[in-house]
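One structure below.
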Number of protein chains: 2
Amino acid sequence: MNIGEIAKRAGVSRSTVSYALSGKRSVSEETRRKIQQVIDELGYRPNASARALANGRTSTIGLVFPPAGNHYTGMQLDFIGSVVEAAAAYDYDVLLSPSGVDSDRSFQRLLAERRVDGAILMEIRLQDDRVDHLGEANFPAVCIGRTASSDGDWWVGLDHTALVAACVHHLADLGHRRIAFVNRPEHLLRAGYESAHRGLDGFTKAAAERGLTTRTYCCGDDAPSGQTCLERILHDDPATTALVTLNEAALGGLYRGLSVAGRHVPRDFSVTGVVAGRWAETVTPQLTAADVPAEQMGRLAVELLVERLDHPDATPRHHLLAPPISLRASTGPAHAGTDLRSGSDD
Amino acid sequence: MNIGEIAKRAGVSRSTVSYALSGKRSVSEETRRKIQQVIDELGYRPNASARALANGRTSTIGLVFPPAGNHYTGMQLDFIGSVVEAAAAYDYDVLLSPSGVDSDRSFQRLLAERRVDGAILMEIRLQDDRVDHLGEANFPAVCIGRTASSDGDWWVGLDHTALVAACVHHLADLGHRRIAFVNRPEHLLRAGYESAHRGLDGFTKAAAERGLTTRTYCCGDDAPSGQTCLERILHDDPATTALVTLNEAALGGLYRGLSVAGRHVPRDFSVTGVVAGRWAETVTPQLTAADVPAEQMGRLAVELLVERLDHPDATPRHHLLAPPISLRASTGPAHAGTDLRSGSDD
DNA sequence: CTCCTTCGTCGAACCGGTTCGAACACGAGC
DNA sequence: GCTCGTGTTCGAACCGGTTCGACGAAGGAG
């Protein structure tokens with residue numbers, strides 16, 4: 001059931017079948033019909049490997065995602081789903097590549113063995129070997145997040161600095177004076193994860209601007225760590241009345257910690273941060289947060305990559321997203337503050 | 001940078017390079033060293049498409065997963081991660097294939113175009129076209145879950161009947177007499193989703209065995225649906241004191257509904273079900289549940305598939321898993337029951 | 001009635017690997 | 001000295017597509 005078989009049964013040559021399918025040269029209506037009929041009868045579909053070998057395109061994009069050792073967050077899941085869906089719309093398949101401990105191995109598989117036409121990289125670091133590597137090779141890639149020197153890169157990212165700052169201002173407007181920042185795990189921060197660093201920056205600067213008293217914490221990507229982290233926060237400064245978090249997976253634990261400590265949200269304590277909307281809604285009270293637009297990001301990343309694949313010499317493009325804060329139910333006025341400034345207008 | 005180039009620079013023929021790499025025929029130590037040296041210098045890696053074309057194996061497995069329109073659950077995420085990791089250990093890549101509305105299209109891509117050597121199918125239905133189709137074609141596949149007639153199939157599944165029954169018995173032992181079952185969304189039930197059906201079966205039978213008063217509900221895969229569902233439960237029968245759920249994504253909403261209704265968990269109301277452990281720990285109080293061993297399932301599925309690929313004529317194998325209930329904090333004795341039977345021993 | 005296009009088709013080469021059969025050199029056995 | 005087996009290497013065919021150059025037939029212009 002290969003192209004030769006189709007050609008034989010249709011009484012034409014292999015090349016004619018190929019042209020009939022691709023439309024790259026004209027084929028008479030009659031032979032086209034005959035060929036199509038044979039194809040339908042036999043249910044023929046051209047072999048992907050052979051096609052890839054012949055024309056140098058695999059019609060596959062690689063999605064380089066964090067190792068399973070780390071826990072995945074809901075945002076990542078939504079993102080993967082939307083990438084697959086968007087890629088399918090452009091007739092691309094998606095190959096998953098774990099960028100684990102020996103990330104090199106699977107990375108080499110993807111690139112050097114030409115399994116994919118291009119790649120989307122998740123969990124970017126400020127200094128990222130992979131990005132440098134791909135840049136040198138001029139390999140078509142799109143980053144989710146941006147490195148410290150992202151000028152020549154294609155990327156779609158979240159403006160964590162601005163988002164976290166917006167959270168801080170929101171809390172300050174509500175009169176909170178002593179707030180904590182719950183970041184991603186320490187090893188990710190040390191490894192230079194972009195979101196962790198820029199988020200921390202945004203927090204520090206905005207808090208300084210508003211003259212707030214702050215503490216910052218790293219926290220494991222799971223509920224128990226969140227609970228422990230919250231205990232530390234209240235232990236270190238019992239007067240803390242609010243927190244900002246980037247750590248979606250720890251959210252449930254933070255809430256539990258508050259509940260165990262007898263702090264009612266939002267009456268006694270406000271919580272906000274940067275979290276995918278769907279997950280902000282799973283906690284009670286629902287989280288007031290900057291909703292990570294995971295689906296949009298996946299779609300945009302694929303669009304950029306396809307554009308780059310179609311136009312190899314296009315100038316680098318990017319999208320920096322800064323979704324607004326969705327007001328839900330987890331923040332409220334600081335009621336026992338010493339220096340209560342009135343909130344803006346809600 | 002193809003095999004011919006390597007051969008030229010090493011002063012041997014292409015076939016000798018191939019044999020040096022594959023080890024399928026002996027090559028003298030001297031030429032092997034020479035070839036290896038050239039390869040290292042140039043950083044050569046054989047082209048995956050060409051290799052796939054020549055030897056008929058893509059070293060890729062397909063993961064057919066539910067469409068993004070449905071919300072993903074945490075369990076699916078863990079599962080995907082473990083599949084990728086396990087596949088990498090066997091030197092396989094993982095190609096994602098959405099089985100969406102026109103599942104046929106991407107399905108055809110995978111199989112007819114020979115993009116993958118085998119496939120893992122998620123979200124199996126009791127009557128599943130895809131499985132029938134693959135079975136007829138004798139295509140190497142492993143199902144996550146089992147169809148109604150799974151005799152000739154390879155699968156790894158959860159014994160939802162037994163797990164849900166165990167939940168019911170656990171509640172009955174605690175003295176609960178009026179309990180509700182929160183299932184997956186109605187369209188999935190109608191479509192014949194295995195877990196939804198077998199779970200419901202297990203619930204119905206165990207409840208009948210224990211003489212319980214029950215109601216069953218379908219519930220959307222998101223928190224707001226969970227909240228609405230819980231309102232309906234208490235509206236339909238305010239004397240309900242416990243529920244069992246399969247719906248991981250609705251869990252947060254169910255909890256919120258209880259909190260809004262002023263029912264304290266576990267004092268006034270017990271909650272249990274079948275949920276991935278990591279997600280059972282994000283809610284407060286932590287969920288007593290049969291922990292879905294998503295990682296183990298992913299690993300086992302890959303192992304089965306690799307075995308099937310290596311031994312095309314092996315007899316079908318499967319794994320039916322029934323993890324024990326992890327006692328956490330969401331269930332307790334029914335305190336206001338009319339017919340309170342004492343719990344077993346805790 | 002020629003000459004020149006245009007259309008439709010074919011054969012051959014190519015993509016980059018794998019694999020089979022054969023050839024050659026060499027040493028052992030008779 | 002001749003035969004035979006073994007170790008090493010090469011050339012050619014093949015996997016299943018795509019694409020280029022050429023060629024014959026049909027049709028229009030001169």
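Below, read A as the first sequence line, B as the second, and so on, with proteins coming before strands; counting in each chain starts at 1. Keep in mind it's a predicted model, so treat the numbers as computed, not measured.
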Looking only at side-chain N and O atoms, does [X] come under 4.0 Å of OP1 or OP2 in [N]?
{"X": "B:T31", "N": "D:dT8", "result": "no"}
{"X": "A:K24", "N": "D:dT19", "result": "yes"}
{"X": "A:S13", "N": "C:dT9", "result": "no"}
{"X": "B:N2", "N": "C:dG16", "result": "yes"}

Distance-only polar pair, side chains of [X] and [Y], donor-acceptor under 3.5 Å:
{"X": "A:S13", "Y": "A:T16", "value": "yes"}
{"X": "A:T58", "Y": "A:D117", "value": "yes"}
{"X": "A:Y92", "Y": "A:R57", "value": "yes"}
{"X": "A:S18", "Y": "A:S15", "value": "no"}

Can you tell which of [options] lies closest to the side chain of [X]?
{"X": "B:A54", "options": "D:dT18, C:dG17, D:dC10", "answer": "C:dG17"}
{"X": "A:R14", "options": "D:dA22, D:dG17, C:dA12", "answer": "D:dG17"}
{"X": "A:S26", "options": "C:dG8, D:dC10, D:dG17", "answer": "C:dG8"}
{"X": "A:I3", "options": "C:dC10, D:dG17, C:dG17", "answer": "D:dG17"}
{"X": "B:L53", "options": "D:dC15, D:dT18, C:dT18", "answer": "D:dC15"}
{"X": "B:T16", "options": "D:dC10, D:dG16, C:dG8", "answer": "D:dC10"}

> Given that A:A50 and B:E30 both sit by DNA chain D, which one's nearest nucleotide is further toward the 5' end?
Replying inline: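 In this pair, the answer is B:E30.
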> Taking for each residue the nucleotide of DNA chain D bearing the nearest heavy atom, is the 5' side occupied by B:S15 or by A:Y44?
Replying inline: B:S15
Nearest whole angstrom, please: distance from the [atom2] of [N] to the [atom1] of [X].
{"X": "A:R45", "N": "D:dG16", "atom1": "CZ", "atom2": "P", "value": "17 Å"}
{"X": "B:R57", "N": "C:dT19", "atom1": "CZ", "atom2": "P", "value": "11 Å"}
{"X": "A:E29", "N": "C:dT9", "atom1": "CD", "atom2": "P", "value": "11 Å"}
{"X": "A:R114", "N": "C:dC15", "atom1": "CZ", "atom2": "P", "value": "13 Å"}
{"X": "B:N55", "N": "C:dT19", "atom1": "CG", "atom2": "P", "value": "6 Å"}
{"X": "A:I35", "N": "C:dG8", "atom1": "CD1", "atom2": "P", "value": "13 Å"}
{"X": "A:I6", "N": "D:dT18", "atom1": "CD1", "atom2": "C1'", "value": "16 Å"}
{"X": "B:K8", "N": "C:dG16", "atom1": "NZ", "atom2": "P", "value": "12 Å"}

> Are side-chain heavy atoms of B:I39 and B:L21 found at a separation under 4.5 Å?
Replying inline: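 Of all side-chain heavy-atom pairs linking B:L21 with B:I39, at least one is under 4.5 Å.
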>> Do B:V302 and B:E85 have side chains that approach each other closer than 4.5 Å (heavy atoms only, starting at C-beta)?
In response: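 No, too far: nothing below the 4.5 Å cut-off.
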> Can you list the steps and then say if B:T31 with B:S28 is a side-chain hydrogen bond (donor to acceptor under 3.5 Å, both in side chains)?
Replying inline: CA-CA 6 Å; B:T31 48; B:S28 76; 2.9 Å; yes
>> Using a 6.0 Å cut-off, check whether atom CD of A:Q127 has over 12 heavy atoms from anything other than its own residue.
In response: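 It does not: A:Q127 CD has 12 such atoms or fewer within range.
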> Ignoring hydrogens and angles, does a donor from either the side chain of A:Y19 or the base of C:dC7 sit under 3.5 Å from an acceptor on the other?
Replying inline: no
> Any donor-acceptor pair under 3.5 Å joining the side chain of A:R25 to the base of C:dT9?
Replying inline: yes
> How is B:S18 classified with respect to the nucleic acid when contacts are heavy atoms under 4.0 Å: base, sugar-phosphate, or nothing?
Replying inline: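 Since a base atom lies under 4.0 Å of B:S18, the category is base.
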> How bent is the helix from C:dC1-D:dG30 to C:dC30-D:dG1, comparing axes over its five end pairs at each side, to the nearest 10°?
Replying inline: 60°
